[in-house]
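What's counted below: heavy atoms across the whole structure, side chains too, no hydrogens, waters or symmetry copies. Throughout, protein chains are lettered first and strands after them, A, B, ... in sequence-line order, and every chain is numbered starting at 1.
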Amino acid sequence: METFLGLDYPTWWFLVVGGLFSGYAILDGFDFGAGAWHMFFRKNSSRETALKAIDPTWHGNEVWLVIGGGTLFAGFPVFYGTLFSAMYTPFILFLLCIIFRGISIKFRNMEDMSWWRKMWDWSYSISSIMLAFLLGVVLGNILNGMPLDNNYEYTGRGFFEFLNPFSVLVGVTSLALFMMHGAIYLLLKTEGKLYDRIQSFLKWGMVFFIMSYLITTVYGLTFLEHLSQVFKDNKALFIVPLLVFLSIANVPRLASKKQYGWAFIFTSLTIALLLVLVAFELYPRLLLSSGVEKHSITIYNAAASTKTLKIMMGFVAVGGPLVLLYSYFVYRTFWGKVKLDSDESY
Amino acid sequence: MDVEILSRIQFAFTIAFHYIYPPLSIGIGLIMVVFESIYIRTKKKEYEVLAKFWTKIFAITFGVGVVTGIVMEFEFGTNWATYSRYVGDIFGSALAAEGIFAFAIESSALGVLLFGWNRVKPWVHLVATLAVFLGSMFSAVWIVIANSWQQTPAGYHIVGEGMRARAEIVDFWAMVFNPSSVDRLTHVWLGAFLSGTFLILSVHAYYILKGRYVVLSKKAFKITLIVATISSLAQLFTGHQSAEGVSENQPAKLAALEGHFDAKAPADLYLFGWVDKENQEVTGLKVPGGLSFMIHQDFSTPITGLNAFPEEDRPSQVNAVFQFYHIMVAIGMFLIALSLFAVWRWKRGKLFDKKWLLWTFVFTALLPQIANQFGWFAAEMGRQPWVVYGLLRTSDALSKSVQANQVLFSLILFFIVYFILFLLFVYLMNKKIQSGPESEIDFDSTSLNKEISNVISK
């Protein structure tokens, strides 16, 4: 197989897609997290501030989902088809929540009636929670493995098959992770009484995350042996879970010192490292067959042609830095604490 | 109902709904760039007011467009898994390119466009507006390329067999510039300009009729009318190009568009008509040999009819394809006539004299929307039974593992959610239009305000 800098093209694409989804999880993660906390704010002005903290950037964050989806589709079409049709129900719910969340943010401030605002507040918050949870559920199913036939088609049946104990645990963990991450983001964007209140949210968020992460890990180690196989085979790889542990442990330490900028970097790093962990557990598979092992979808049997992968490497090489550049510009433009009294609404 | 028909309804419904908004965003985006550029050059406050006002409307259409756009990307995988595998190499790469090169620019610059008025310098803001507009134009490029490849595949070869067969890219640029890409793209762009410009004309005609923002609206109307007139005339040309392309690359579709059954005979051009599929007859007003003339500049050159194709390879809904196509063409002609008439009155200095003309503009906003939808329906239904023309049948493109009750469930949810979304969209558009351009801007001391009150008091 053709290689580039010593790695074959499917592996490169595995890294690219992994990188894009890490970026997506870090970016939309904080605004899902901010949304999940939304109903804990009692006052309208607090809710407005919290919303305003994500308003200029959430659009740009969702770009990563669209690009991630496109690169997954193009790079691993077999996997794309199987995963999305197998996870039909959670993905449809995900779409509906994405829609509701988007319009809630857009429409909330277009009317003054309190029932109108409350309605959109609820819709925004519930859909944010659902989105964070559903992303985890899908990831849980990927890690868990699925029944596949010799054409890599999903053979599972039933509306609710996507809900199993492990996928629910991963769903709750991702919600908790994003809530911790989102609380820290809000701390960076707020001040005064609201800031004090979010500090107490963060404490709960950290407890929630660490508990759910521990339970999920113990459950995974006990019931899903295939996940830890790669680490048993290659002891040197234990460095990855160790780094995850250190990164998580660093968050409460930094939070207690109120170094929230650094804490945000470490929650972001935690998200990325957790996905690196997932990548090691899977590679070179993308989706494990829960029946016959050779029915598993791997990066090789799922990959597009090498020519397409090469073309898209070119796209990413040109487009990737551009995306980062625009994002940098937008974040710089809206840097700093949110002010409610300015006339920047539209 | 089975999975196939439910999935087709779901896709048709979600894409038709989505296709209301991006064309509006592109068209309004173009005029926003125009208004803002004039403002930067002339420093006249009224153009800033116009740019800001249309930005608010733009924000609503863009928002609905984005949230309904992600749906389609997911549906390729959820409902059309076999299709996704078959075309992933090609369709997927165009979709990825759209995300990386187009959508990313639009969405990042949107934050600056909406919230950056007081944060960045005016020219930086103009760059952001331009970036959002160009980004949406590039989105159309990649999406239309992906769709055009389905209509007229090129630059690929087929690898594997049966369930594992799929198309792989051999020549990237041949894939991008497949035989129908350019014609269809220009047609889609102009359709978008028309939907945006006629909405703007509609709103300002309404203000003039109601005696609100009259001076401002007259200026906006004239500028937009120029763009609308050029676009509607150019659309005639791209429409013709597309029809020629269809005759060359998708003869069965062309035959369906005109209800032409005879395998080898000159074809008529219908202004309107009704297709009786059983008796293979069209009743209506026609130009004998007109289609032959349009394609071959000769009234007697034969055009391949539907009977030249096996029954299972032709579009089944011939009358529907015929009607959608003819309504689209009729609307196009009407838009040309209306805009030329308005320009003529403008030259005589009487553009705003007749109430009925302004009212016509108020209601015309809906027509480009209908034309866009119906043109799209004709293009997609005319392609059936193929999802990738001549290569993959729609019935083979489904997700094998998805069941009818799952699709029915999602279809019902989409109906409900989109219904709510549409009501909100109409409500908020109406509210923004009723509250008007000035609402959030202090105009007391400007001469424009006096000018307006002078006009009204007259």
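In this structure, Glu75(B) CD and Ile92(A) CD1 are separated by 6.0 Å, a value rounded to the nearest 0.5 Å. The CZ atom of Phe103(B) sits 9.0 Å away from atom CG of Leu65(A), with the distance rounded to the nearest 0.5 Å. For the atom pair NZ (Lys106(A)) and CD1 (Ile60(B)), the distance works out to 9.5 Å, reported to the nearest 0.5 Å. Residue Glu168(B) holds its CD atom at 7.0 Å from OG1 of Thr308(A), rounded to the nearest 0.5 Å. Distance check, rounded to the nearest 0.5 Å: CD1 of Ile311(A) to CD1 of Ile169(B) gives 4.5 Å. Here the CG-CZ distance, from Leu424(B) to Phe107(A), works out to 5.5 Å after rounding to the nearest 0.5 Å.
Considering only heavy-atom pairs separated by less than 4.5 Å from chain B, the leading option among Ile103(A), Ile98(A), Asp149(A) is Ile103(A). Considering only heavy-atom pairs separated by less than 4.5 Å from chain A, the leading option among Ala96(B), Ala97(B), Ser401(B) is Ser401(B). No other option in Gly88(B), Ala131(B), Gly63(B) has as many heavy-atom pairs under 4.5 Å with chain A as Gly88(B). Note: Gly99(B) leads Gly99(B), Gly69(B), Ala94(B) in heavy-atom pairs under 4.5 Å with chain A. Comparing Thr68(B), Val417(B), Leu95(B) by how many heavy-atom pairs each has under 4.5 Å with chain A, the most go to Val417(B). Between chain A and the options Thr82(B), Val170(B), Val120(B), the largest number of non-hydrogen pairs under 4.5 Å is found for Val170(B).
For Phe76(A), no part sits under 4.5 Å from any heavy atom of chain B, backbone or side chain. Contacts between Val71(B) and chain A at a heavy-atom distance below 4.5 Å involve backbone atoms as well as side-chain atoms. Heavy-atom distances place no part of Ile90(B) under 4.5 Å from chain A, backbone and side chain included. Only the side chain of Leu428(B) has a heavy atom closer than 4.5 Å to any heavy atom of chain A. Heavy atoms closer than 4.5 Å to chain B are found in the side chain of Leu95(A), but not in its backbone. In this structure, chain B has a heavy atom under 4.5 Å from the side chain of Phe94(A), while its backbone stays farther away. If you measure heavy-atom distances from Val112(B) to chain A, the contacts under 4.5 Å come from both the backbone and the side chain. Only the side chain of Phe62(B) comes within contact range of chain A, with at least one heavy atom under 4.5 Å from a heavy atom of that chain.
Taking the six-membered ring where the residue is Trp, Phe74(B) and Phe91(A) present perpendicular rings, their angle passing 60° and hence far from 30°. The aromatic rings of Phe73(A) and Phe76(B) are tilted relative to each other, their planes meeting at an angle between 30° and 60°. Between Trp116(A) and Tyr427(B), the ring planes are tilted. Angles from 30° to 60° get that label.
Glu98(B) has its side chain out of reach of Ile67(A): every pair of non-hydrogen atoms, C-beta onward, lies at least 4.5 Å apart. Here the side chains of Ser85(A) and Thr78(B) are not in contact, with every heavy-atom distance at 4.5 Å or above. The shortest distance between side-chain heavy atoms of Val318(A) and Phe101(B) falls below 4.5 Å. Under the 4.5 Å side-chain criterion, counting only non-hydrogen atoms from C-beta, Phe409(B) is in contact with Thr89(A). Looking at Pro77(A) and Arg166(B), their side chains come closer than 4.5 Å, going by heavy atoms from C-beta outward. At least one side-chain heavy atom of Tyr152(A) sits less than 4.5 Å from a side-chain heavy atom of Arg85(B).
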Requested in this report: Take Ile99(A) and Tyr418(B), measure what side-chain contact (heavy atoms from CB on, under 4.5 Å) needs, and give me the verdict at the end.
Outcome: CA-CA 9 Å; Ile99(A) 293 174; Tyr418(B) 280 15; 3.6 Å; yes
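Between Glu73(B) and Val66(A), the closest heavy-atom pair is OE2-O, 2.9 Å. The two residues Lys307(A) and Phe172(B) make their nearest non-hydrogen contact at CE-N, 4.4 Å. Contact between Gly320(A) and Ile100(B) at its shortest, heavy atoms only, is N-CG2, 4.4 Å.
By the neighbour-count criterion of 12 heavy atoms within 6.0 Å, atom CZ of Phe13(B) is densely surrounded, having more than that number from other residues, nucleotides or ligands. For Tyr300(A), the OH atom sits in a packed shell: over 12 heavy atoms of surrounding residues, nucleotides or ligands are nearer than 6.0 Å.
Remark: the backbone N or O of Ser305(A) is paired with a side-chain donor or acceptor of Asp89(B) at under 3.5 angstrom.
Of the N and O atoms on the side chains of Tyr88(A) and Ser399(B), not one donor lies less than 3.5 Å from an acceptor on the other residue.
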